[in-house]
*Asks:* 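Dropping a structure here in structure tokens format, bear with me for questions.
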Amino acid sequence: MLLTPDFFQQDVLEIAPDLPGKLLMRKDSGGEQKAYRITEVEAYRGEEDLACHASKGKTPRTSVMYEPGGVWYVYLIYGMHWMLNVVTAEKNNPQAVLIRGVEAWNGPGKLTKALEITKAFNGRPLAKATGLWIASDNQSPDKNTVLQAPRIGIDYAGNYWKNKPWRYYLSV
DNA sequence: TCGACGATTGCC
DNA sequence: GCAATCGTCGAG
């Protein structure tokens with residue numbers, strides 16, 4: 001069942017724990033539809049969150065995060081890897097969920113490479129017509145199989161934000 | 001216009 | 001442990 005933009009207009013801390021176990025759906029250029037089970041995500045919550053790109057205010061790059069939830073936020077990091085995020089919350093509340101892992105792939109950079117995701121998706125809605133969306137099925141895991149831990153690669157954000165357990169992943 | 005830096009990865 | 005590699009952003 002397709003997760004619509006409505007679902008993504010809640011607080012990121014409501015959404016992020018629900019995403020592990022959901023399906024990332026991709027319709028590639030050949031018209032073939034593939035499903036990847038989401039295994040790991042991280043929440044980035046507003047301008048006050050020093051690990052969130054929006055902590056430095058609204059810029060051309062971060063403006064997508066200020067859109068209403070339900071669109072993709074895609075950016076290039078280290079000059080080589082694309083990061084895939086889902087914008088959440090209401091308009092002008094800059095939050096997003098970073099999709100870190102799906103099934104066999106580990107690492108957010110390898111994920112986007114495997115799914116052929118580039119900046120073309122930035123700002124586009126999560127919808128079938130886009131070719132990239134998120135769905136749920138009846139195999140969604142029990143709540144208590146989703147574990148929490150601190151986010152990765154954000155040492156610069158200071159101890160308070162660095163230690164927030166806002167990474168959510170499926171237990172093995 | 002320039003320089004510093006990063007929500008990563010893979011090789012030394 | 002560290003280089004690769006480039007868009008973004010703030011300083012000059």
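The chains referred to below are lettered A, B, ... by the order of the sequence lines, with proteins before strands, and numbering in each begins at 1. Both backbone and side-chain heavy atoms feed into the values below; hydrogens, waters and symmetry mates do not.
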*Asks:* For A:M83, report the nucleic acid contact type (base, sugar-phosphate, nothing); a contact means any heavy atom under 4.0 Å.
*Replies:* sugar-phosphate
*Asks:* Less than 6.0 angstrom from the centroid, inside 45 degrees of the normal: does A:R61 satisfy that with respect to the ring of A:Y73?
*Replies:* no
*Asks:* So what does A:K113 touch, heavy atoms closer than 4.0 Å: a base, only the sugar-phosphate, or nothing?
*Replies:* nothing
*Asks:* Rounding to an integer number of Å, can you tell me how far A:D155 CG sits from B:dT8 C1'?
*Replies:* 13 Å
*Asks:* Just how far, in rounded Å, is C1' of B:dT9 from CH2 of A:W82?
*Replies:* 16 Å
*Asks:* Would you write the dot-bracket representation of DNA chain C, where each base gets (, ), [, ], | or . depending on whether it forms a Watson-Crick or G-U pair under 3.5 Å and with which partner?
*Replies:* ||||.||||||.
*Asks:* What is the distance, rounded to the nearest whole Å, between atom NZ of A:K56 and atom C1' of B:dA4?
*Replies:* 12 Å
*Asks:* Backbone N or O of A:A89 within a donor-acceptor pair of the A:N93 side chain at under 3.5 Å?
*Replies:* no
*Asks:* Report the distance from atom NZ of A:K58 to atom P of C:dT8, rounded to the nearest whole Å.
*Replies:* 16 Å
*Asks:* Roughly how many Å is it from CZ in A:R167 to P in B:dT8, rounded to a whole number?
*Replies:* 11 Å
*Asks:* Mind checking A:R151 for me? I need base, sugar-phosphate or nothing, with any heavy atom below 4.0 Å counting as a touch.
*Replies:* nothing
*Asks:* Do A:Y44 and the base of B:dA7 stack face to face, with centres under 5.5 Å apart and an angle between planes under 30°?
*Replies:* yes
*Asks:* With no hydrogens and no angle check, is any side-chain donor or acceptor of A:K164 less than 3.5 Å from a backbone partner on A:Y160?
*Replies:* no
*Asks:* Atom CH2 of A:W161 and atom C1' of B:dG6: how far apart are they, to the nearest Å?
*Replies:* 20 Å
*Asks:* Starting the side chain at C-beta, find the nucleotide from B:dG6, B:dT9, C:dT8 nearest to A:K110.
*Replies:* B:dT9
*Asks:* Separation of A:R61 atom CZ from C:dC6 atom P, in whole Å?
*Replies:* 17 Å
*Asks:* At under 4.0 Å between heavy atoms, what does A:L98 touch on the DNA or RNA strands: base, sugar-phosphate, or nothing?
*Replies:* base
*Asks:* Assess, by modelled atom type and distance only, whether the side chains of A:E47 and A:S55 contain a donor and an acceptor separated by less than 3.5 Å.
*Replies:* no
*Asks:* Mark yes or no for whether A:S171, through its side chain, and A:T145, through its backbone, hold a donor-acceptor pair below 3.5 Å.
*Replies:* yes
*Asks:* Can a side chain N or O of A:K119 be found less than 4.0 Å away from OP1 or OP2 on C:dT8?
*Replies:* yes
*Asks:* Under 4.0 Å: is that the gap between some side-chain N or O of A:R100 and OP1 or OP2 of B:dT8?
*Replies:* yes
*Asks:* If only atom types and distance count, is the side chain of A:R151 paired as donor or acceptor with the main-chain N or O of A:W161 below 3.5 Å?
*Replies:* yes
*Asks:* If every non-hydrogen atom of A:V87 is compared with every non-hydrogen atom of A:V64, which pair is closest and at what distance?
*Replies:* CG2-O, 3.6 Å
*Asks:* Atom CD1 of A:I99 and atom P of B:dT8: how far apart are they, to the nearest Å?
*Replies:* 15 Å
*Asks:* Among C:dT8, B:dT8, B:dA7, which is the nearest nucleotide to the side chain of A:H81?
*Replies:* B:dT8
*Asks:* Is there a side-chain polar atom (N or O) of A:Y156 under 4.0 Å from OP1 or OP2 of B:dA7?
*Replies:* yes
*Asks:* Please confirm whether the backbone N or O of A:L132 pairs with a side-chain atom of A:W72, one donor and one acceptor, at under 3.5 Å?
*Replies:* yes
